[in-house]
Amino acid sequence: MSAVRPIDRVEGTAIPLRGDNIDTDRIIPARFLKAITFSGLGEHVFADDRRSMPRHPFADPAYTGAEILLVNENFGSGSSREHAPQALMRWGIGACVGQSFSEIFLANATTIGLPCLTAARDDIESLMKEAEAEPATPMVVSVRDLSLIAAGRTVRLHLAPAIRDALLTGQWDATGLLLHRFENVRQVASRLPYLTGF
């Protein structure tokens, strides 16, 4: 039986990805969406960009294992494909921090427990420069404290209260909530005429 999983702290190094309006077609190209599961999507994150831009951060071994993705404006724009946050999470990303996120990308990310928090432009620029200069810099994102700590400084983060509450309580995981109280589900189902035949 699945347990409800609250999400607060994400600790690790960061991968800086510069550019506004990076869309879901770039995050995970359409040709990789033919599978019936999300398994294996992580290896195809930014596949076309990595091939065409050798210095792409996701092609740089210095960022292997990074857990925090730093982005600019309107990240995840374009199509509504839920594969984009799935692919990032399966690559190893545990939290995204950026100037802003597409609404649909943000919703899809929240649904799988991938926090996407925002920060001021100057703070994002400073964090990106830190990660570029020293990829091994440890960073800590806290959903509860709405903060990112790196290199001895604290950056204030922002997140809609409803999303923050869902992450901190585990309510982001609708399937987990059902399985956590599955006996309640059985009881309700036993009273539904279209399931019981009465």
Side-chain angles (χ1 to χ4, degrees), residues 10-32 41-110 112 114-143 146-160 163:
V10 177
E11 303 181 36
T13 57
I15 180 168
L17 182 64
R18 293 185 178 274
D20 296 336
N21 305 307
I22 293 177
D23 63 37
T24 54
D25 295 321
R26 288 177 61 191
I27 297 169
I28 184 73
R31 67 184 176 280
F32 299 113
L41 284 184
E43 63 191 81
H44 304 299
V45 167
F46 293 104
D48 292 341
D49 285 5
R50 283 187 283 137
R51 189 168 51 252
S52 63
M53 300 185 295
R55 299 191 63 180
H56 193 277
F58 277 83
D60 188 337
Y63 298 112
T64 300
E67 293 203 20
I68 299 165
L69 175 61
L70 303 172
V71 296
N72 293 121
E73 287 278 359
N74 197 30
F75 183 77
S77 59
S79 72
S80 61
R81 66 182 60 157
E82 60 189 320
H83 301 72
Q86 284 279 359
L88 289 169
M89 182 176 268
R90 288 163 194 278
W91 187 86
I93 298 300
C96 301
V97 177
Q99 290 171 240
S100 66
F101 296 90
S102 154
E103 285 187 28
I104 296 175
F105 178 88
L106 176 60
N108 287 336
T110 302
I112 63 170
L114 178 64
C116 294
L117 303 100
T118 59
R121 178 197 266 311
D122 290 347
D123 286 330
I124 293 295
E125 178 63 23
S126 174
L127 291 168
M128 285 184 165
K129 284 182 177 176
E130 179 67 39
E132 289 165 345
E134 185 47 72
T137 300
M139 299 191 184
V140 179
V141 170
S142 172
V143 172
L146 293 177
S147 67
L148 186 156
I149 299 172
R153 66 182 283 245
T154 300
V155 171
R156 299 307 306 159
L157 302 180
H158 305 279
L159 185 63
I163 296 175

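As a basis for the values below, the full set of heavy atoms in this structure was taken, side chains included, without hydrogen atoms, waters or symmetry mates.
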To the nearest 0.5 Å, how far apart are [atom1] in [X] and [atom2] in [Y]?
| X | Y | atom1 | atom2 | answer |
| --- | --- | --- | --- | --- |
| Ile68 | Leu127 | CD1 | CG | 9.0 Å |
| Leu148 | Leu70 | CG | CG | 7.0 Å |
| Thr13 | Glu67 | OG1 | CD | 7.5 Å |
| Thr154 | Ile149 | OG1 | CD1 | 4.5 Å |

If you compare all heavy atoms of [X] against all heavy atoms of [Y], which two are closest, and at what distance to 0.1 Å?
| X | Y | answer |
| --- | --- | --- |
| Ala109 | Cys116 | CB-SG, 3.6 Å |
| Ile27 | Ala84 | CG2-O, 3.8 Å |
| Arg156 | Ala119 | O-CB, 3.9 Å |
| Met128 | Leu17 | CE-O, 3.4 Å |
| Ala14 | Ala131 | O-CB, 4.0 Å |
| Arg50 | Phe58 | CD-O, 3.4 Å |

| task | Verify the neighbour count for atom CD of Glu134: are there more than 12 heavy atoms of other residues, nucleotides or ligands below 6.0 Å? | result | yes
| task | Evaluate the side-chain proximity of Arg18 to Glu132: yes if any heavy-atom separation is below 4.5 Å, no if none is. | result |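 Of all side-chain heavy-atom pairs linking Arg18 with Glu132, at least one is under 4.5 Å.
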| task | Check whether any side-chain heavy atom of Ile22 lies under 4.5 Å from a side-chain heavy atom of Val71, and answer yes or no. | result |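 No, side chains not in contact.
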| request: Please work out which of the three classes, parallel, tilted or perpendicular, describes the rings of Phe105 and Phe101, given edges at 30° and 60°. | output: parallel
| Residues Glu125 and Arg121 bridged, charged N to O under 4.0 Å | no
| request: Decide whether Ser79 and Thr24 meet the rule of one side-chain donor and one side-chain acceptor closer than 3.5 Å. | output: yes
Distance-only donor-acceptor pairs under 3.5 Å for side chains of residues 85-100, two or more places apart:
| unit_1 | atom_1 | unit_2 | atom_2 | d |
| --- | --- | --- | --- | --- |
| Gln86 | OE1 | Arg90 | NE | 3.0 |
| Gln86 | OE1 | Arg90 | NH2 | 3.1 |
| Gln99 | OE1 | Asn72 | ND2 | 2.7 |
| Gln99 | NE2 | Glu73 | OE2 | 3.3 |
| Ser100 | OG | Glu73 | OE1 | 2.7 |
| Ser100 | OG | Asn74 | N | 2.7 |

| query | Can any side-chain N or O of Ser126 pair as donor or acceptor with the backbone N or O of Asp122 at less than 3.5 Å? | reply |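 Between the backbone of Asp122 and the side chain of Ser126 there is no qualifying donor-acceptor contact (under 3.5 Å).
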| Any pair counted as salt bridge (Lys or Arg N to Asp or Glu O under 4.0 Å), so long as it reaches residues 20-29, sequence neighbours left out | Asp25-Arg81, Arg26-Asp49
